[in-house]
Number of protein chains: 2
Amino acid sequence: MAPEEIRSKPTELERETENGESSSAGTSAAGAAAQRHIPPASLARLPIYLRALTAMLSDGRERVSSEELAEAAGVNSPKLRKDLSYLGSYGTRGVGYDVLYLSGQISAALGLTLNWRVAIVGAGNLGRALAGYPGFGSRGFEVVALFDADPMVIGQEVGWLRISPVDSLEAVLAKTRANMAVLSVPAEVAQDLCDRLVESGITSILNFAPVVLQAPENVQIRKVDMATELQILAYHAQRAQASQIAARARLAR
Amino acid sequence: MAPEEIRSKPTELERETENGESSSAGTSAAGAAAQRHIPPASLARLPIYLRALTAMLSDGRERVSSEELAEAAGVNSPKLRKDLSYLGSYGTRGVGYDVLYLSGQISAALGLTLNWRVAIVGAGNLGRALAGYPGFGSRGFEVVALFDADPMVIGQEVGWLRISPVDSLEAVLAKTRANMAVLSVPAEVAQDLCDRLVESGITSILNFAPVVLQAPENVQIRKVDMATELQILAYHAQRAQASQIAARARLAR
DNA sequence: CGTTGTGAATGCCTTCACAGCA
DNA sequence: TGCTGTGAAGGCATTCACAACG
């Protein structure tokens, strides 16, 4: 359980600055993350950096500057450096960052050294796409269960998994010791299944259904919604179009 | 082409306040949106409000207060009101909002009254899931083409569409007059296809591939990445776990 | 009288410039 | 000398309280 910290550059590292509560003497942190809290906006970019670093690693790259990494991640370099500074000082001035070391540190900060056991609820095209997504396994995420309600698909195999009946949700979650869930079900049943997941002790849910889920606040819910994204694109496209028309009208005048 | 404005409460509406450039005399706006610019954070929430309103409409609901709508959308009511205020004053003090009217106004602001013709590139499980997604058609988005590179799937039918060879991308985009694209292809080929889309005049792209795409800045790109979302969940779950362990350690002391 | 619309205050995110260090 | 790490400044976003108004 307690994740080994990936090291390769043993410099100053120990930081005892707790996150506010329980200050005073060193609680010394049972191996795992006693890191201070990362601002949400920065947190959301860390996976991007990690992905870029991983790509560099497989290219055999050993060092990288903030400038290059920022470019690869599509941000500017001061932003990148500030983001990394929330984790610690893992670079070398005048040189740059060690690719392997930095990726290890980001992984640790994100908690990817732990074993995440993901249950996917809903085995339609989307659920199957997710189950077969290669990006999962490579990052400490293991899909341990796949559910559906349709008797026609229950029992089918997808990759290494057999689709379980959603009736047995609670039992299978317990047996597989899943600690995360992905909801890829129709909107109408999403809230009900969310409730059952929460009831079963799941506290991290990724929701693909186009509804706002209600859950206790100790449950972390994130949503992915392509309709929303398309609508935002439509807004910008419409504006671009409108200002083009306006420009043409100005010319014609 | 020029979208009809959905009306049902003809009050003060005309706003000529252009977005900065081209001020002076009334350019009078060719029917469409001459609205002022909406802050990104608010913009991202409008689709959620719209979805909640649509659900209320189909429940036969006619009026709603900011409090109720906020609840349904998972935000607090001052935030909702401020967001709506960027569009205009569409409520009635002491009463609330007309559900139909407000949803029409949000749709118009987002540009959903125009016809968006979407091409989906990549017909794997994800691409098929997207092609069959019911949320598209209902919001002014029409899937007009579906591409794949695999000779085994080219020619297959998905819903009303036949899968086209990606070799004919440019030709089919032109013929179908697509003005938006969704990329649901493997990461390795995403940038190449993005380039071809841009070359063909597409300026709005929704990217599901786990790479940062490079494109000219007049091209709007949005990304959806489940690996990123899961990693953010992992971060929070790990923290919750860590602070639980810390609490237990404090008790044991 | 109840609910919207909005200035003002607060807090968070980003940018910038440069100090600090290998 | 060159690149990282970070305080300080500026710009958005959110919150709040209340004025405006049907």
Side-chain angles (χ1 to χ4, degrees), chain A residues 9-13 15 17 19-20 35-46 48-49 53 61-99 101-103 105-106 109 232, chain B residues 9-13 15 17 19-20 35-46 48-49 53 61-99 101-103 105-106 109 232:
Chain A
K9 172 195 155 193
T11 12
E12 46 91 19
L13 195 39
R15 56 192 68 262
T17 4
N19 40 54
Q35 71 224 180
R36 35 178 160 12
H37 128 122
I38 301 170
S42 289
L43 176 58
R45 286 184 295 263
L46 293 182
I48 316 284
Y49 304 152
L53 287 167
R61 194 70 184 284
E62 292 189 356
R63 272 203 309 257
V64 68
S65 70
S66 64
E67 193 66 53
E68 289 169 292
L69 183 52
E71 154 102 43
V75 301
N76 54 18
S77 63
K79 193 188 272 182
L80 168 76
R81 291 203 299 276
K82 177 122 275 193
D83 286 344
L84 294 184
S85 81
Y86 292 119
L87 310 184
S89 307
Y90 298 139
T92 309
R93 293 173 200 231
V95 177
Y97 300 90
D98 181 292
V99 176
Y101 179 70
L102 182 57
S103 62
Q105 291 301 327
I106 296 180
I232 296 171
Chain B
K9 171 194 158 194
T11 13
E12 44 91 21
L13 195 38
R15 57 194 67 261
T17 4
N19 40 54
Q35 70 222 186
R36 40 175 156 13
H37 127 124
I38 301 169
S42 289
L43 176 58
R45 286 186 292 265
L46 293 183
I48 316 284
Y49 304 152
L53 287 167
R61 193 71 183 285
E62 291 190 357
R63 272 203 308 257
V64 67
S65 71
S66 65
E67 193 67 53
E68 289 169 293
L69 182 52
E71 155 103 42
V75 301
N76 53 20
S77 63
K79 192 187 274 184
L80 169 76
R81 291 202 300 275
K82 177 122 273 193
D83 287 343
L84 294 184
S85 80
Y86 292 119
L87 308 185
S89 306
Y90 298 140
T92 308
R93 293 172 201 233
V95 177
Y97 300 90
D98 181 291
V99 176
Y101 179 69
L102 182 58
S103 63
Q105 291 302 327
I106 295 180
I232 296 171

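Naming convention: chains lettered A, B, ... in sequence-line order (proteins, then strands); numbering from 1 in each chain.
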Of all heavy-atom pairs between [X] and [Y], which one has the smallest distance, and what is that distance?
X: B/Tyr49; Y: B/Leu69; value: O-CD1, 4.3 Å
X: B/Tyr97; Y: B/Gly91; value: CD2-CA, 3.4 Å
X: A/Ser66; Y: A/Leu80; value: O-CD2, 3.1 Å

Tell me whether the side-chain N/O atoms of B/Tyr97 come closer than 4.0 Å to OP1 or OP2 in C/dG5.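 Answer yes for this pair, as a side-chain N or O of B/Tyr97 is under 4.0 Å from OP1 or OP2.
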Heavy-atom side-chain proximity of [X] to [Y] below 4.5 angstrom:
X: A/Leu46; Y: A/Leu87; result: yes
X: A/Glu62; Y: A/Tyr101; result: no
X: A/Lys82; Y: A/Pro78; result: no

Round to the nearest Å and state the distance from [X] atom [atom1] to [N] atom [atom2].
X: A/Tyr86; N: C/dC12; atom1: OH; atom2: P; value: 11 Å
X: B/Gln105; N: C/dG5; atom1: CD; atom2: P; value: 12 Å
X: B/Leu80; N: C/dT6; atom1: CG; atom2: P; value: 14 Å
X: A/Arg45; N: C/dC12; atom1: CZ; atom2: P; value: 16 Å
X: B/Lys79; N: C/dA9; atom1: NZ; atom2: C1'; value: 17 Å
X: B/Leu84; N: C/dT4; atom1: CG; atom2: P; value: 10 Å

If you round to the nearest 0.5 Å, how far is CG of B/Leu53 from CG of B/Leu102?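 Spacing of CG (B/Leu102) from CG (B/Leu53) equals 5.0 Å.
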Would you indicate whether A/Arg63, at its atom CZ, is surrounded by more than 12 heavy atoms from other residues, nucleotides or ligands within a distance under 6.0 Å?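 No, because the 6.0 Å sphere around CZ of A/Arg63 holds 12 heavy atoms or fewer from other groups.
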Can you confirm whether more than 12 heavy atoms, excluding those of A/Glu68, are under 6.0 Å from its CD atom?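 More than 12 heavy atoms, drawn from other residues, nucleotides or ligands, come within 6.0 Å of this atom.
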Nucleotide range of DNA chain D lying under 4.0 Å from chain B heavy atoms: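 Answer, 5' to 3': D/dA13 to D/dG22.
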Determine whether B/Tyr90 and B/Leu84 satisfy the following criterion, side-chain contact (heavy atoms from CB on, under 4.5 Å), listing intermediate values before the conclusion. CA-CA 8 Å; B/Tyr90 298 140; B/Leu84 294 184; over 6 Å; no
Could you say whether A/Ala41 or A/Val95 is positioned toward the 5' end of DNA chain C, judged by the nucleotide with the nearest heavy atom to each?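 Looking at DNA chain C, the more 5' nearest nucleotide goes with A/Ala41.
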Do any of residues 62-70 of chain B sit with a heavy atom less than 4.0 Å from DNA chain C, and if so which?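 Hits under 4.0 Å, by residue number: B/Ser65, B/Ser66.
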Taking N or O atoms only and anything under 3.5 Å, show me the protein contacts with nucleotides 16-21 of chain C, one pair per line.
residue : atom : partner : partner atom : Å
C/dG20  : N3   : A/Arg93 : NH1          : 3.0

Just by modelled atom types, is the B/Val99 backbone N or O under 3.5 Å from a matching donor or acceptor in the B/Ser103 side chain?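 Judged by distance alone, yes, a pair lies under 3.5 Å.
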